[in-house]
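First up is the structure itself, then whatever we jot down about it.
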There are 2 protein chains.
Amino acid sequence: MNESTAPGRVGDVRRRNLSLVLDSIARTGDAKPSRAQLAAGTGLTKAAVSSLVADLVESGLVAEVGLYRDGERGRPGQGLELSSRRGVVGMEINVDYLAVGLVDLGGNLRFHASVESRNRGLPPENVMERLGGLAAEAKAAAAAEKISILGGGLAVPGLVDEQRNMVLSAPNLHWEREQLNPRSLLEGAPLGVRLSNEANSAALGELWYGAGQADFLYVSGEVGVGGGVIIGSELYTGPGGSAGELGHIVVHPEGPACSCGGAGCLETFAGQEAIFEAAGTSEGSLGERTALLLAALAAQDPQATKAVHDAGRYLGVALASSARLMDIEAVVLGGHFALLSEWLRPALLASLERYAPGLLDPKNLTVSGLEHSGTLLGAAGQVIRSVIESPFEFLLAGKLA
Amino acid sequence: MNESTAPGRVGDVRRRNLSLVLDSIARTGDAKPSRAQLAAGTGLTKAAVSSLVADLVESGLVAEVGLYRDGERGRPGQGLELSSRRGVVGMEINVDYLAVGLVDLGGNLRFHASVESRNRGLPPENVMERLGGLAAEAKAAAAAEKISILGGGLAVPGLVDEQRNMVLSAPNLHWEREQLNPRSLLEGAPLGVRLSNEANSAALGELWYGAGQADFLYVSGEVGVGGGVIIGSELYTGPGGSAGELGHIVVHPEGPACSCGGAGCLETFAGQEAIFEAAGTSEGSLGERTALLLAALAAQDPQATKAVHDAGRYLGVALASSARLMDIEAVVLGGHFALLSEWLRPALLASLERYAPGLLDPKNLTVSGLEHSGTLLGAAGQVIRSVIESPFEFLLAGKLA
DNA sequence: CCCATATAGTTCAGATTGAAAACTAATTGG
DNA sequence: CCAATTAGTTTTCAATCTGAACTATATGGG
């Protein structure tokens, strides 16, 4: 007998409708809908909405924000919004820096801090300790603004096992099967701290707080080339949790060996290291190399131009294959692909036109506008979304002060 | 205000549980569970299951099949099964043949017929007329076995718009934006006839009635190279409905031009025509060419061996990229890839090992066992699944004799 | 200033439906 | 033949939605 699906109970209806109302409030955003508007928008009766909203207000997730006057006749409604006094801390460990951000339920970045930190090769304990310092700043900021912290999200540039709080593999940090204790970063937060992959979080940040549509592929150009696949407004992680490895799509079967053990991967043509090397700008720190490359491109240096052109061409091959396999109709470029967009984009579009003509409309190939906060917003957003999708569980956990 | 989600009503609970019970009966298959076993398996109470089963039996979807004696103490239960007197007709239009099958709710192929028919270039009306003749045979068989036909599924080798009953593009039939009227094939069937893509239906057939797991990629080697992506036991069609186009993944950026307008696509190396040509066996009808190729392979002809070896190598490149992008962990080969498996598989595995070492376990690379009935089973199965997933709607539609 | 009108939100009866427990039904085995 | 055991039904209760009636609070014309 298969027990994969739970039976429907009478109470499930309320769970679903609590989520529906909360999600409606979240989507409506600045409009601060009244109960009557929510009833019209969701299809529920006013009576049901009133009852649901009462529970949400009592839990502290939703706040009434005074009268909603529109100059029309009739009794004015009470505006509702996601509480700005409940927040989630987004945190990021990357190869060259650490960052934290405090995001309220409405998705506003209320505090932000980052420090340079050369984390490659450092043991996780040291990195987590440094990050703890930043997290303390976020906690202080939350206290100052009277925001109660519900939980946190921690993004790392590698494959993670979210259930076990383990980094399975983060080659660019030289981490392999490292057990973390993210909860220790935010002692006392009722929802704990959720570990996630950096490219996936950036994709989700783009979806919820950026220009993301319901379906798109986010391409993360950091030290490695990563990807986040958004399908039907949800992250597609695949059965094993490692989908979106755009960097290791084979773009040339006779290409060079890759650090993944394969050959001809996109990363060997379009990763940061590969581009710097091909451009002849591989001297100095990451910042210096980036500056050198941008300067060379601005000066129309032929070697640098060709390096970026080639990267764009092979990225086009990978995107053509991805679009064919997954029916992807929109792409958002992040990381160094966003920085290099001006020089990369023409070659990329030409390549797409050659390998998958007409499949991807150039206006659906955009650059991320969230810059470095996208990952933080996405990491925090995952916790916020989990509350919006299951408010009942949150209500049960007890009302916060 | 966003109204994408419907509100939860009290009655939704019953809809869900009707489906849950029906699905449990379907999954349990030959074991013919009793109400008590269903209660244990679903987590519902015996009282709830009794009430739900009563509705399902009344609708004719479920039948009681006498006492369930197991020699244990206690009152024996009434065995339950999906009614073998309700059926769905699966139909297939392909380049060289037409086929129909009558599938009962339990997934048993109760009748099967196919005719050779060179459909390439024929207008849809003529093909539909010929298919209508086969459908009449299926109807007669249903009448003889006292099976009432609920609906049908029609698979075609091309991209379809299911809502509008339109074949958007079937290059190998030379059809482009052809409006069909599949309902006319089965006048009076309450659920109508559902149009679908051949590779997708074959993938679903493999999932429901073959060796399919919850997540796999089905590779269809017909005249073109197609694919069906199954994720979490569901078909992934992508936002535009055309996902799984494995044949047009770029496997060599300097490869030859492809009929799709691109270049270096898998189909130019591993499509039927490409293999026949490279093997030097492109004379005669499809059957003759296939026989020639198999004979040449059996005789260890070097040209034929190399052709199939190359096809396997490039298929490996495409599968490596697919596995990386979508985290695919299992692959089922169908069509000519199944026929050629003996010669193709070693090259394919070597290629996978080169481009994505360790990613796909060789034991998860299997060959379809359903042969030609997979597509029919899948096409019919889609209608059967829709009933299993929404029995309430079916109940409302009225009970059949 | 007052009252008709309009809109927001609450209260309450009625319906649906699953849980829990008590009950009836049918079988095995000593 | 009866105790034990398991299957399935009936009854009572609680959760929660809908719909209709009701209360609350605004605008605007006379």
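Heavy-atom basis, side chains included; hydrogens, waters and symmetry copies ignored. Every chain is numbered from 1 and lettered A, B, ... according to where its sequence line falls, protein lines coming before strand lines.
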- Hey, are S201(A) and S196(A) close enough side-chain-wise for a donor-acceptor pair under 3.5 Å? yes
- Task: Answer yes or no: does a side-chain N or O of R9(B) lie under 4.0 Å from OP1 or OP2 of dT18(D)?
- Result: yes
- Do other residues, nucleotides or ligands put more than 12 heavy atoms under 6.0 Å from E145(A) CD? yes
- Locate the shortest heavy-atom distance separating P33(A) from Q37(A); write the atom from each residue and the value. CA-OE1, 3.2 Å
- Please name the pair of heavy atoms, one in S34(A) and one in G77(A), separated by the smallest distance, quoted to 0.1 Å. CB-CA, 4.0 Å
- When every non-hydrogen atom of R35(B) is compared with those of V49(B), the smallest separation belongs to O-CG1, 3.6 Å
- Query: Between which nucleotides of DNA chain C, read 5' to 3', does contact with chain B run, using atoms under 4.0 Å from its heavy atoms?
  - Reply: dT16(C) to dG29(C)
- Task: Determine the minimum heavy-atom distance between S59(B) and L395(B), stating which atoms define it.
- Result: CB-CD1, 3.7 Å
- In degrees, rounded to 10°, what is the bend between the two ends of the helix from dC1(C)-dG30(D) to dG30(C)-dC1(D), using five pairs at each? 20°
- Note on the structure: The reported gap from NZ in K139(B) to CZ in F111(B) (rounded to nearest 0.5 angstrom) is 12.5 Å
- Message: With a cut-off of less than 4.0 Å, is there a side-chain N or O of N17(A) near OP1 or OP2 of dC17(D)?
- Response: yes
- What pair of heavy atoms forms the shortest contact from L207(B) to Q213(B), and how long is it? CD1-O, 3.2 Å
- Message: Treating primed atoms plus P, OP1 and OP2 as sugar-phosphate and everything else as base, which nucleotides of nucleotides 4-14 of chain D get B, S or - for protein heavy atoms under 4.0 Å?
- Response: SBBBBBB----
- Task: Step by step, work out the side chain to side chain donor-acceptor pair (under 3.5 Å) result for R110(A) and S84(A).
- Result: CA-CA 10 Å; R110(A) 305 281 289 271; S84(A) 55; 4.5 Å; no
- Between L105(B) and the options V383(B), L61(B), I388(B), V62(B), the side-chain contact (heavy atoms from CB on, under 4.5 Å) test singles out L61(B)
